[in-house]
Structure formats: structure tokens, C-alpha cells
Amino acid sequence: MTTNPSSPQDEPKIPTEDEIAALPRGARVAFAARCARRVQPLFTHFWPDAPRKHVEAIDNAITLAERRFEGSRSASVNVYADAARAAARADDAAADAAYADAPAAYAAA
């Protein structure tokens with residue numbers, strides 16, 4: 001018995017910007033949360049000494065996005081406020097990561 005190599009149509013496809021833009025807002029948020037969750041381990045892999053508050057901020061931001069559209073289509077103002085605070089903390093984490101990486105980038109150049 002021979003095995004058939006996978007055909008190009010069997011391979012997963014990455015959606016285009018236009019395809020993502022055509023999705024309803026909730027689907028875009030869910031897609032972004034799923035993508036973020038999949039690459040989240042890279043944060044600690046490339047910044048193993050990241051302050052715990054940054055690791056938690058990123059996890060909280062992803063979790064809030066996941067919860068926002070998992071069941072109910074309605075959200076309270078508190079959910080949006082929590083999401084905004086989590087996003088701000090995640091942004092601080094990203095800025096600190098860039099700052100921590102600056103000496104390595106300078107040395108490489």
C-alpha cells in the first residue's frame with residue numbers, strides 16, 4: 001500500500017488580511033486571541049527572566065479576549081475596563097521586553 005503525499009489543498013492556509021477584515025468583530029477578536037495563545041510560549045522562551053507581572057499581564061489580556069466571545073455576545077463595561085487594563089499591562093511588558101533586548105540588538109549590529 002502506498003501513501004499519498006498530502007496535496008496542497010490539504011495544507012492549512014493562513015487567512016489574508018482581507019479575509020480577516022471580512023469576519024465579524026467577535027470572530028476577529030477570537031482569532032486574535034487564539035493566535036496570541038499559540039505564540040504566548042515564545043514570550044518566556046525569548047525572555048526567560050521576564051518579570052512575573054509581565055507574564056501575567058499577557059496571559060490576562062489573552063484570557064479576557066478569549067472569554068469575551070466564548071459564550072455570551074453581551075459584555076459589561078467592567079469586562080471592557082478589565083480588557084483595557086490588561087492590554088495596557090501587556091503593552092508595558094512588550095516595551096520592557098524591547099528595552100531589555102536593546103543591548104543584544106546593538107551588540108549584534
Side-chain angles (χ1 to χ4, degrees):
M1 174 179 220
T2 62
T3 58
N4 293 333
S6 64
S7 65
Q9 61 228 79
D10 292 338
E11 294 178 19
K13 295 183 175 137
I14 298 172
T16 66
E17 273 188 59
D18 291 338
E19 290 171 330
I20 294 170
L23 293 172
R25 182 173 173 265
R28 289 192 313 266
V29 171
F31 178 71
R34 184 174 181 182
C35 292
R37 185 66 74 196
R38 291 187 72 167
V39 300
Q40 183 181 14
L42 295 175
F43 182 81
T44 52
H45 174 77
F46 288 104
W47 194 16
D49 299 328
R52 183 79 187 140
K53 68 179 185 173
H54 295 331
V55 175
E56 290 174 357
I58 289 170
D59 186 63
N60 288 339
I62 296 169
T63 300
L64 283 169
E66 289 168 337
R67 288 184 184 164
R68 168 58 181 98
F69 288 98
E70 74 184 5
S72 169
R73 303 267 320 160
S74 64
S76 69
V77 173
N78 290 335
V79 171
Y80 288 116
D82 289 345
R85 284 189 293 274
R89 288 189 299 271
D91 184 55
D92 288 345
D96 286 353
Y99 181 77
D101 194 39
Y106 179 74

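All heavy atoms count here, side chains included; hydrogens, waters and symmetry mates do not.
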Once side chain to side chain contact (heavy atoms under 4.5 Å, CB included) is applied, do any residues pair with E19, and if so which ones, sequence neighbours excluded?
P15, T16
Report the distance from atom CD1 of I20 to atom CZ of F31, rounding to the nearest 0.5 Å.
4.5 Å
With L42, which residues qualify under side chain to side chain contact (heavy atoms under 4.5 Å, CB included), at least two apart?
V39, F46
Tell me, please, which residues at least two apart from A36 pass side chain to side chain contact (heavy atoms under 4.5 Å, CB included).
I62
Could you measure the distance from the CZ atom of R67 to the CG atom of N60? Nearest 0.5 Å is fine.
8.5 Å
Would the number of heavy atoms belonging to other residues, nucleotides or ligands and lying under 6.0 Å from CZ of R28 be above 12?
yes
Sequence neighbours left out, what pairs pass salt bridge (Lys or Arg N to Asp or Glu O under 4.0 Å) with at least one residue falling in residues 37-48?
R37-D59, R37-E66
I need the T63 OG1 to I58 CD1 distance, nearest 0.5 Å.
11.5 Å
